[in-house]
Peer 1: 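The structure follows.
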Amino acid sequence: MEIKGIIKYILVVLAIVIVGFLLQTTVFPHVELAGVTPNIMVIIITSYGLMRGRKQGMIIGFCSGLILDFFSGTTFGLYAILYLYLGFLCGLFKKLFFGDDIKLPLAVIGLSDLIYGIAVFVVLFLFRGRYDFLFYLTNLILPEVTYTILVAIPIYYVILKINQRLDKDNKRSSRKLV
């Protein structure tokens, strides 16, 4: 991949992460269902982990988490580390990934959001003496997982098409060099 292609890829991914962050923090809080909002960042991180592998999943996860940490006001680094691990775990499924088959991405997105919800419960609630996991699971985690999966369908396809276009442009520009 040439330098121009790398820069273009980084700028496109950065734009996707920023748009995802803005959607998650400004738009979707006004479109709550059952008191929860979808986790757009998990959709983005999972999609890139599946499409690009562990390393890029981790990088995108860490950077997305830093953005969220910077603006959330909670323990700084929590989301960066959590999203980094999610990007790594999703990257493990890259060998099973076929772009247009949406079953695996939706299953992995749901699993990622479930892991995310449990990790947030452990760090932010359990360590502070709030032990009602069943309440948290049934009233927050599972509804959020469901909502995230529903919202993931169009977002995943947009990310997929953008990545396919970037790959196509990159192959075209590398053929010109040969």
Side-chain angles (χ1 to χ4, degrees), residues 1 5-6 8-29 31-34 36-68 78-121 137-138 140-171:
M1 188 185 276
I6 293 171
K8 182 178 179 181
Y9 175 75
I10 290 171
L11 290 175
V12 168
V13 171
L14 183 62
I16 290 170
V17 168
I18 290 171
V19 168
F21 171 76
L22 290 173
L23 284 171
Q24 183 167 321
T25 57
T26 60
V27 175
F28 281 106
V31 197
E32 283 185 358
L33 290 178
V36 296
T37 59
N39 196 330
I40 307 301
M41 302 306 271
V42 165
I43 297 169
I44 293 169
I45 294 160
T46 302
S47 298
Y48 274 100
L50 285 170
M51 291 177 205
R52 300 289 185 168
R54 295 181 307 226
K55 189 184 293 183
Q56 289 190 32
M58 290 171 61
I59 292 168
I60 293 167
F62 183 75
C63 294
S64 299
L66 280 179
I67 292 170
L68 210 55
L78 170 68
Y79 295 111
I81 296 298
L82 182 56
Y83 286 160
L84 176 133
Y85 283 119
L86 282 178
F88 173 80
L89 291 173
C90 295
L92 295 174
F93 292 95
K94 183 180 190 277
K95 292 180 182 177
L96 302 173
F97 174 72
F98 297 101
D100 292 333
D101 185 13
I102 196 161
K103 293 184 293 284
L104 177 68
L106 289 182
V108 176
I109 287 168
L111 181 63
S112 296
D113 201 32
L114 181 66
I115 292 169
Y116 166 83
I118 292 169
V120 167
F121 172 79
L137 179 70
T138 58
L140 292 173
I141 295 175
L142 293 178
E144 180 182 301
V145 168
T146 305
Y147 197 7
T148 299
I149 289 172
L150 290 173
V151 170
I153 296 168
I155 293 174
Y156 167 77
Y157 276 120
V158 168
I159 293 172
L160 178 67
K161 295 303 175 194
I162 290 170
N163 273 298
Q164 288 173 341
R165 177 67 187 255
L166 286 172
D167 286 344
K168 184 178 170 184
D169 290 348
N170 189 35
K171 285 178 185 173

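In what follows, every heavy atom counts, from backbone to side chain, and hydrogens, waters and symmetry copies are set aside.
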Peer 1: Identify the heavy atoms of L166 and K8 that sit nearest to each other, and give their distance.
Peer 2: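 Answer, listing the atom of L166 first, then K8: CD2-CE, 4.0 Å.
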
Peer 1: Evaluate side-chain contact (heavy atoms from CB on, under 4.5 Å) for F97 paired with R52, printing each intermediate quantity in order.
Peer 2: CA-CA 10 Å; F97 174 72; R52 300 289 185 168; over 6 Å; no

Peer 1: So which heavy atom on M41 is nearest to which on V17, and how close?
Peer 2: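 Shortest heavy-atom separation between M41 and V17 comes out as CE-CG1, 3.8 Å.
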
Peer 1: Do Q56 and V13 come close enough that some side-chain heavy atom pair is under 4.5 Å?
Peer 2: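 Contact flag for Q56/V13 side chains = no.
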
Peer 1: Which of these, L23, L106, I109, sits in a side chain to side chain contact (heavy atoms under 4.5 Å, CB included) with I43?
Peer 2: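 The passing option is I109.
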
Peer 1: Would you say the side chain of I60 lies within less than 4.5 Å of the side chain of Y83, judging by non-hydrogen atoms?
Peer 2: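 Contact flag for Y83/I60 side chains = no.
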
Peer 1: To the nearest 0.5 Å, what is the distance between CD1 on I16 and CD1 on I162?
Peer 2: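 It comes to 4.0 Å.
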
Peer 1: Nearest 0.5 Å please: distance from the CD atom of Q24 over to the CG atom of N39.
Peer 2: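 Result: 4.5 Å between the selected atoms.
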
Peer 1: Evaluate Y157 against I102 for side-chain contact (heavy atoms from CB on, under 4.5 Å), listing each step before the verdict.
Peer 2: CA-CA 9 Å; Y157 276 120; I102 196 161; 3.4 Å; yes

Peer 1: Could you pull out the closest heavy-atom pair between L114 and L137, with the gap in Å?
Peer 2: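 Heavy atoms of L114 and L137 come nearest at CD1-CD1, 4.3 Å.
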
Peer 1: Could you measure the distance from the CG atom of L89 to the CG atom of L50? Nearest 0.5 Å is fine.
Peer 2: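 Taking CG in L89 and CG in L50, the distance rounds to 11.0 Å.
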
Peer 1: Got S64 and Y79 here, is their nearest side-chain heavy-atom distance under 4.5 Å?
Peer 2: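 Sidechains of Y79 and S64: no contact.
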
Peer 1: Where do L96 and L104 come nearest, in terms of heavy atoms and distance?
Peer 2: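 Shortest heavy-atom separation between L96 and L104 comes out as O-CD2, 3.5 Å.
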
Peer 1: To the nearest 0.5 Å, what is the distance between CE (M51) and CD (Q164)?
Peer 2: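 So the CE of M51 and the CD of Q164 are separated by 8.0 Å.
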
Peer 1: I'd like to know whether OH of Y85 has more than 12 heavy-atom contacts from other residues, nucleotides or ligands below 6.0 angstrom.
Peer 2: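 No, OH of Y85 has 12 or fewer neighbouring heavy atoms, counting only those of other groups under 6.0 Å.
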
Peer 1: Tell me the closest heavy-atom pair linking I45 and L86, and the distance in Å.
Peer 2: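 For I45 and L86, the tightest heavy-atom pair comes out as CG2-C, 4.3 Å.
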
Peer 1: So Y147 and V31, do their side chains get closer than 4.5 Å, heavy atoms only?
Peer 2: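 Yes, side chains in contact.
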
Peer 1: Would you compute the distance between atom OG1 of T148 and atom CD1 of I40 and round it to the nearest 0.5 angstrom?
Peer 2: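 Going from OG1 on T148 over to CD1 on I40, the span is 7.0 Å.
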
Peer 1: Looking at every heavy atom in both E144 and T37, which two are closest together, and how far apart are they?
Peer 2: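 In this case the closest contact between E144 and T37 is CG-O, 3.4 Å.
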
Peer 1: Does T46 use its side chain to pair, donor to acceptor, with the backbone of V108 at less than 3.5 Å?
Peer 2: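 Not a single qualifying donor-acceptor pair exists.
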
Peer 1: Taking the side chain from N163 and the backbone from I159, do they hold a donor-acceptor pair closer than 3.5 Å?
Peer 2: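 It does hold such a pair.
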
Peer 1: Measuring from I149:CD1 to D113:CG, what's the distance to the nearest 0.5 Å?
Peer 2: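 Between atom CD1 of I149 and atom CG of D113 there are 7.5 Å.
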
Peer 1: Who passes side chain to side chain contact (heavy atoms under 4.5 Å, CB included) against L82, sequence neighbours left out?
Peer 2: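 Once residues adjacent in sequence are excluded, the partners of L82 under the side chain to side chain contact (heavy atoms under 4.5 Å, CB included) criterion are Y116, A119, V120.
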
